[in-house]
There are 2 protein chains.
Amino acid sequence: MKIDAAGLQVLSREECMELLGSTPIGRIVYTDRALPAVQPVNFHLDGTSIVIRTGVGSKLSAAAGNAIVAFEADEFDAETRTGWSVTAVGHARAVDDPGEIARLSALPLRPWAPGGREHFIVVSTEQISGRRLHH
Amino acid sequence: MKIDAAGLQVLSREECMELLGSTPIGRIVYTDRALPAVQPVNFHLDGTSIVIRTGVGSKLSAAAGNAIVAFEADEFDAETRTGWSVTAVGHARAVDDPGEIARLSALPLRPWAPGGREHFIVVSTEQISGRRLHH
């Protein structure tokens, strides 16, 4: 088991992918008018890509549509003080190809938030890292 | 009740602060070598400031020690698809005053991760915003 300088277990890419696929909520991290910004979103892992639905013209769509972003998911238990986190960094891409939109629309990705969310953002997991905390 | 363009309830500063104080885990969002970075941390709300303990010389300490960062906390329920999130943006400051270190050391903030964490970062909540999702 590989342990980092902070005493946390280092997860493999395969473990990171499996954990990402196990949770419905993550957080997209981007830059909004030169300031760090973060927004929780529900998502679907499509192969090794993170698929997010957002509103046309949303702030997220404008700021993160074509940028390098981070995407984080985690699960912690306050009782046992254990948990894991996975962070991916990669290009976010606003999807505009009608064929790809049709394919993504068929994914089991139903937005939690109300309102129209007909815009897809796909984040590639070019870098991925994860840590597990246990005692 | 104020609702935003995405259909989410807009929380007041007071509600945001109360929710921030109700959870032990948040995520600090910063820039690391020009890339967006995010790290989950346990924290303590000290008045309106977010207090984090980290290792001396840690990546977080180096990158977020004196920068504008975002700090996010949330709680979502996958069954009911409800939850809330709060994001603060403000200056992060590495604490080096011995008197302040002594005061912060007495806070009920015990790091979850192992390893020495004798370095404090304080994030001021200059901007704070929150949303609640319910049906």
Side-chain angles (χ1 to χ4, degrees), chain A residues 3-8 23-32 34-42 54-55 57-60 64 67-78 80-90 92 110-117 127 129 131 133-135, chain B residues 3-8 23-32 34-42 54-55 57-60 64 67-78 80-90 92 110-117 127 129 131 133-135:
Chain A
I3 304 289
D4 74 3
L8 304 174
T23 185
I25 285 273
R27 296 147 201 100
I28 187 162
V29 170
Y30 57 102
T31 301
D32 182 28
L35 289 177
V38 50
Q39 186 176 314
V41 288
N42 64 307
T54 182
S58 68
K59 193 165 78 171
L60 181 61
I68 294 180
V69 304
F71 187 85
E72 192 263 357
D74 61 43
E75 246 175 61
F76 290 98
D77 183 303
T80 57
R81 297 182 163 223
T82 58
W84 58 266
S85 76
V86 168
T87 301
V89 176
R110 191 158 61 95
W112 289 19
R117 292 181 174 251
Q127 292 176 23
S129 62
R131 296 291 186 272
L133 170 61
H134 43 175
H135 295 289
Chain B
I3 304 289
D4 74 2
L8 305 174
T23 185
I25 285 272
R27 296 147 202 100
I28 187 162
V29 170
Y30 58 103
T31 301
D32 182 27
L35 288 177
V38 50
Q39 186 176 315
V41 289
N42 64 307
T54 184
S58 67
K59 194 164 78 171
L60 181 62
I68 294 180
V69 303
F71 187 84
E72 190 265 357
D74 61 44
E75 245 175 62
F76 290 98
D77 183 304
T80 56
R81 298 180 162 224
T82 58
W84 58 265
S85 75
V86 168
T87 301
V89 176
R110 190 157 62 93
W112 289 19
R117 292 180 173 251
Q127 292 175 23
S129 63
R131 296 291 185 272
L133 170 61
H134 45 175
H135 297 288

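Lettering of chains follows the sequences in order, A, B, ..., and the numbering in each one begins at 1. Here the structure is a predicted model, which means the values were calculated and not measured.
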Given a strict heavy-atom distance threshold of 4.5 Å, which part of [X] is in contact with chain A: side chain, backbone, both, or neither?
X	result
Val29(B)	both
Ser58(B)	neither
Ile68(B)	both
Gln127(B)	side chain
Ala5(B)	neither

Where does [X] contact chain B at under 4.5 Å (heavy atoms): side chain, backbone, both or neither?
X	value
Ala67(A)	neither
Arg27(A)	side chain
Thr31(A)	neither

Go through [options] and name the one with the most non-hydrogen pairs under 4.5 angstrom from chain A.
options	result
Leu8(B), Thr23(B), Ile25(B)	Ile25(B)
Val69(B), Thr82(B), Asp74(B)	Asp74(B)
Pro24(B), Gly55(B), Pro40(B)	Pro40(B)

remark   = Residues passing the salt bridge (charged side-chain N to carboxylate O under 4.0 Å, His left out) test with Arg81(A), sequence neighbours excluded, are none
